2 protein chains.
Amino acid sequence: MQEELDRYFLQKTIDLAVKNIHDGKGGPFAALIVKNNQIVAEGTNLVTSANDPTAHAEITAIRRACEQLGHFQLEGCTIYSSCEPCPMCLGAIYWARPKRLVFAANKKQAAAVDFDDDFIYQEIVLDYDKRHLDTQHIEVAEANRPFEQWQALSDKIEY
Amino acid sequence: MQEELDRYFLQKTIDLAVKNIHDGKGGPFAALIVKNNQIVAEGTNLVTSANDPTAHAEITAIRRACEQLGHFQLEGCTIYSSCEPCPMCLGAIYWARPKRLVFAANKKQAAAVDFDDDFIYQEIVLDYDKRHLDTQHIEVAEANRPFEQWQALSDKIEY
């Protein structure tokens with residue numbers, strides 16, 4: 001029963017991803033946020049149409065679902081994605097804290113059509129000086145001040 | 001000279017991060033996008049005020065800078081961050097393709113005040129079945145169809 005539902009929602013993400021290409025909205029990716037077997041929000045890749053490199057399908061879907069639910073956490077939700085999330089989207093999913101993640105294609109399939117997902121997975125675990133991205137950690141005296149003030153704050157909303 | 005500029009912009013991110021806390025906007029983080037030594041956009045963490053788990057400082061700054069520049073790439077830009085980007089934000093930075101990333105605090109300092117950055121770095125490299133996040137890869141017959149149609153498209157905008 002659950003796998004039947006999973007396959008139903010995954011097929012829907014695939015159909016949405018195909019439609020997204022032909023609508024000229026962006027890359028071949030789509031995602032759904034589902035709660036209690038109801039779709040809360042859908043998202044597709046809007047990078048090139050919205051001029052937003054962060055507008056991947058999962059990010060778009062998460063933002064819309066949170067707006068819909070009025071909260072910054074996707075408690076009890078499942079995220080369905082037409083393709084394994086890239087590190088940006090997987091990070092976003094961890095921050096949104098849904099119950100499950102289910103995906104169809106994997107990152108090697110995305111890499112085979114020239115998307116950077118697999119490359120970025122390899123990069124982000126490297127030491128700074130070994131990355132293709134010029135990355136510099138500069139020691140600054142006040143670097144910890146925001147954290148100290150955050151800890152000292154009594155009425156903060158944690159996330 | 002470059003390091004003096006780097007320290008100037010980093011100090012600015014730290015001041016913005018502190019202000020962000022006291023404005024009640026979200027977590028103790030800020031970022032700047034700089035091009036030719038001019039600030040293109042600034043961003044702070046807006047997760048709890050915008051009900052958006054993806055509204056980290058770097059993501060907010062990248063989205064604003066791309067809107068400002070009218071493009072989905074941050075060519076020639078430097079991203080300054082008050083703290084080492086989490087995997088979501090580092091992924092976003094790779095997709096935005098700036099020239100450099102410079103940051104002040106590191107992920108261990110963020111972890112010391114209970115942010116998940118370091119935990120997520122550890123998680124995303126694990127095999128699916130070893131992650132805390134319930135992750136499922138389901139083989140679907142049509143999984144590759146979006147990629148095939150993307151490849152066949154002649155007038156697509158790549159990113």
Side-chain angles (χ1 to χ4, degrees), chain A residues 6-7 10-11 14 17-18 21 27-28 47-48 51-54 59 62-63 66-67 70-73 82 86-88 90-96 99-106 109 113 116 120 123-125 133-138 140 142-147 149-151 153 157 159, chain B residues 6-7 10-11 14 17-18 21 27-28 47-48 51-54 59 62-63 66-67 70-73 82 86-88 90-96 99-106 109 113 116 120 123-125 133-138 140 142-147 149-151 153 157 159:
Chain A
D6 287 345
R7 288 183 177 276
L10 281 181
Q11 185 60 45
I14 292 168
V18 169
I21 306 170
V47 170
T48 54
N51 278 337
D52 179 358
T54 75
I59 300 261
I62 289 170
R63 300 180 81 224
C66 286
E67 198 182 335
H71 196 56
F72 52 84
Q73 303 275 267
S82 60
C86 76
M88 171 178 74
L90 185 56
I93 291 165
Y94 271 93
W95 288 113
K99 192 176 60 172
R100 288 175 75 214
L101 162 66
V102 183
F103 62 88
N106 64 36
Q109 286 169 280
V113 289
D116 281 350
I120 300 175
E123 282 279 303
I124 63 174
V125 292
L133 174 68
D134 181 347
T135 304
Q136 214 172 341
H137 177 208
I138 297 185
V140 175
E142 292 209 318
N144 215 43
R145 189 160 66 94
F147 297 141
Q149 302 224 355
W150 174 256
Q151 271 202 304
L153 208 70
I157 306 173
Y159 61 89
Chain B
D6 287 346
R7 287 182 178 277
L10 281 181
Q11 185 59 46
I14 291 167
V18 169
I21 304 170
V47 169
T48 53
N51 277 337
D52 179 358
T54 75
I59 301 262
I62 289 169
R63 300 180 81 224
C66 285
E67 198 181 334
H71 196 55
F72 52 83
Q73 303 275 265
S82 61
C86 77
M88 172 178 73
L90 185 57
I93 291 167
Y94 270 93
W95 288 113
K99 192 175 61 173
R100 288 174 75 215
L101 162 66
V102 184
F103 63 87
N106 64 37
Q109 286 170 280
V113 288
D116 281 350
I120 299 175
E123 282 279 304
I124 63 173
V125 293
L133 173 69
D134 181 346
T135 304
Q136 214 172 341
H137 177 208
I138 296 185
V140 175
E142 292 210 317
N144 215 44
R145 189 160 67 95
F147 298 142
Q149 302 223 356
W150 174 256
Q151 271 204 303
L153 209 69
I157 305 173
Y159 62 90

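None of the values given here were measured: they were computed from a predicted structure. Order of the sequence lines sets the chain letters (A, B, ...), proteins ahead of strands, with each chain counted from 1.
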Side chain, backbone, both or neither: which part of [X] has a heavy atom under 4.5 Å from chain A?
| X | answer |
| --- | --- |
| Q151(B) | side chain |
| I157(B) | both |
| I138(B) | both |
| T135(B) | both |
| V140(B) | both |
| R7(B) | side chain |
| I124(B) | both |

**Prompt:** In terms of heavy-atom pairs under 4.5 Å, which option from S82(A), A96(A), G27(A) contacts chain B the most?
**Reply:**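 Max contact count across the listed options: G27(A).
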**Message:** If you count heavy-atom pairs within less than 4.5 Å of chain B, which of R63(A), R145(A), H71(A), Q149(A) leads?
**Reply:**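 Ranked by heavy-atom pairs under 4.5 Å with chain B, first place is R63(A).
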**Message:** Within the structure provided, determine whether C86(A) and W95(B) are in side-chain contact (heavy-atom separation under 4.5 Å).
**Reply:**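 A side-chain contact exists here, since the closest heavy-atom pair is under 4.5 Å.
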**Request:** Evaluate the side-chain proximity of L90(B) to P87(A): yes if any heavy-atom separation is below 4.5 Å, no if none is.
**Result:**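 Not touching, per the 4.5 Å side-chain cut-off.
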**Item:** Under 3.5 Å donor-acceptor, H137(B) side chain and V102(A) backbone
**Value:**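 Checking the backbone N and O of V102(A) against the side chain of H137(B), no donor-acceptor pair under 3.5 Å is found.
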Identify the heavy atoms of [X] and [Y] that sit nearest to each other, and give their distance.
| X | Y | value |
| --- | --- | --- |
| Y94(B) | I120(A) | CB-CD1, 3.6 Å |
| R100(B) | Q136(A) | NH2-OE1, 2.6 Å |
| C66(B) | N51(A) | CB-O, 3.2 Å |
| P53(B) | I62(A) | CG-CG2, 3.6 Å |

**Prompt:** So how far is it from I14(B) CD1 to F147(A) CZ, rounded to the nearest 0.5 Å?
**Reply:**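 So the gap between those two atoms works out to 9.5 Å.
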**Request:** To the nearest 0.5 angstrom, please state how far the CD atom of E67(B) sits from the CG atom of D52(A).
**Result:**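 E67(B) CD to D52(A) CG: 9.0 Å, rounded to 0.5 Å.
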**Request:** May I ask you to name which of E123(B), Q73(B), K99(B) has the most heavy-atom pairs under 4.5 Å with chain A?
**Result:**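 Top count of heavy-atom pairs under 4.5 Å with chain A: E123(B).
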**Request:** Side chain from CB out, backbone as N, CA, C, O: work out which of these in L10(A) comes under 4.5 Å of a heavy atom of chain B, or both, or neither.
**Result:**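 The side chain, not the backbone.
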